[in-house]
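For reference, the structure is listed below as structure tokens.
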Amino acid sequence: MNIYDFTVKDNRGQETSLGAYRGKVLLVVNTATRCGLTPQYEALEATYKKYEDRGFAVLDFPCNQFREQAPETDDEIAQFCSINYGTTFPRFAKVEVNGQAADPLFVWLKQEGGEAVADDDARAFEKKVLAIQPIGHKGDIVWNFGKFLIDREGNVHARYSPSYKPSQMEDDIEKLL
């Protein structure tokens with residue numbers, strides 16, 4: 001099994017096969033519009049633009065599971081991201097990433113992703129958010145902006161902590177391109 005085996009809903013509610021991204025390096029991110037990490041949209045867009053012509057894409061999955069920090073509709077989220085951050089990468093329907101209602105894609109990503117790459121700042125951030133909202137199971141995503149880097153064969157290459165900056169992943173992205 002790999003990422004291409006999944007079908008998800010785009011932000012207009014249409015079923016979309018992730019097989020459409022076959023052969024690309026992907027960064028799958030659970031996002032939120034009202035989070036302290038929301039400015040990462042700018043860095044995600046910059047990374048997307050930097051590598052897009054080499055077969056890279058950011059796949060944005062809004063999630064309202066962490067302190068209800070993405071309460072808007074899918075359309076409102078798309079407008080917010082476009083107006084405030086100029087994002088152009090693909091955005092999908094809002095999902096849950098943990099718990100019984102977790103989207104199957106995120107269940108798979110968590111199983112395949114292992115422990116999140118984190119520096120000291122990211123570990124400190126995770127410690128803070130876990131004090132606010134503990135996770136239910138080992139391996140759960142701890143907050144908005146958890147990231148999964150997917151290789152060209154559709155396999156999880158690495159998982160990154162929410163506060164780990166997109167620029168910090170560029171060496172890994174370069175290796176896969």
Worksheet item: Hey, is the main chain of Q65 close enough, under 3.5 Å, to the side chain of Q133 for a donor-acceptor pair?
Response: yes

Discussion item. Do F66 and I132 have side chains that approach each other closer than 4.5 Å (heavy atoms only, starting at C-beta)?
Written reply: no

Item to complete: Could you check if a side-chain atom of K110 sits within less than 4.5 angstrom of a side-chain atom of I141, using non-hydrogen atoms only?
Response: yes

Discussion item. If you define the side chain from C-beta out and look only at heavy atoms, does anything of T38 sit under 4.5 Å from N84?
Written reply: no

Worksheet item: How about P90 and Y21: do any of their side-chain heavy atoms sit closer than 4.5 Å?
Response: yes

Discussion item. Can a side-chain donor-acceptor contact be found between Y41 and T31 if the only test is distance below 3.5 angstrom?
Written reply: yes

Item to complete: Looking only at non-hydrogen atoms, find the nearest pair between A70 and N64 and report the distance.
Response: N-OD1, 2.8 Å

Item to complete: Mark yes or no for whether Q168, through its side chain, and K165, through its backbone, hold a donor-acceptor pair below 3.5 Å.
Response: yes

Worksheet item: Any side-chain heavy atom of T33 sitting closer than 4.5 Å to one from P62?
Response: no

Practice prompt. Verify side chain to side chain contact (heavy atoms under 4.5 Å, CB included) between Y85 and E45, making sure each step is shown before the conclusion.
Written response: CA-CA 8 Å; Y85 295 100; E45 179 66 14; over 6 Å; no

Worksheet item: For C63 and A32, which heavy atoms make the closest approach, and how far apart are they?
Response: O-CB, 4.1 Å

Discussion item. What I'd like to find out is whether the side chain of I3 reaches to under 4.5 Å of the side chain of W108, using heavy atoms alone.
Written reply: yes

Worksheet item: Which residue, K50, R54, K49, forms the salt bridge (Lys or Arg N to Asp or Glu O under 4.0 Å) with E52?
Response: K49

Practice prompt. Look at the side-chain heavy atoms of Ile, Leu, Val, Met, Phe, Trp and Tyr, link any pair under 4.5 Å apart, and say whether V107 and V29 land in one connected group.
Written response: no

Worksheet item: Can you name the one residue among D121, D119, D120 that meets salt bridge (Lys or Arg N to Asp or Glu O under 4.0 Å) with R123?
Response: D120

Item to complete: Compare every heavy atom of N30 with every heavy atom of F106, then report the nearest pair and how far apart it is.
Response: CE2-CB, 4.2 Å

Discussion item. Donor-acceptor check, side chain of Q40 to backbone of F145, threshold 3.5 angstrom: yes or no?
Written reply: no

Worksheet item: Does the Y4 side chain pair with the main chain of G23, one donor and one acceptor, at a distance under 3.5 Å?
Response: yes

Worksheet item: When you measure from the side chain of D140 to the backbone N and O of H137, does any donor-acceptor pair fall under 3.5 Å?
Response: yes

Worksheet item: Counting distance only, does the side-chain N/O of K147 pair as donor-acceptor with the main-chain N or O of P162 below 3.5 Å?
Response: yes

Practice prompt. Decide whether I77 and I83 are clustered together by the hydrophobic rule: side chain heavy atoms of Ile, Leu, Val, Met, Phe, Trp, Tyr closer than 4.5 Å, transitively.
Written response: no

Worksheet item: Is there a side-chain contact between R34 and E72 (heavy atoms, below 4.5 Å)?
Response: yes

Practice prompt. Quick one: sort the F56 and Y51 rings into parallel, tilted or perpendicular, breaks at 30° and 60°.
Written response: perpendicular

Discussion item. Which heavy atom of N11 sits nearest to which heavy atom of D74, and what is that distance?
Written reply: O-CB, 3.4 Å

Practice prompt. Please answer whether the main-chain N or O of Q14 pairs with a side-chain N or O of T16 as donor and acceptor at a distance below 3.5 Å.
Written response: yes

Discussion item. Whether the side chain of S161 engages the backbone of Y164 through a donor-acceptor N/O pair (distance < 3.5 Å, no angle test) should be reported.
Written reply: no

Worksheet item: Taking atom CD of E115 as the centre, does the number of heavy atoms from other residues, nucleotides or ligands within less than 6.0 Å exceed 12?
Response: no

Worksheet item: For E174, does the CD atom have more than 12 heavy-atom neighbours from other residues, nucleotides or ligands under 6.0 Å away?
Response: yes

Worksheet item: Would you say the side chain of W143 lies within less than 4.5 Å of the side chain of K128, judging by non-hydrogen atoms?
Response: no

Item to complete: Give me the ring orientation class for F61 and F92: parallel if the planes are under 30° apart, tilted from 30 to 60°, perpendicular past 60°.
Response: parallel

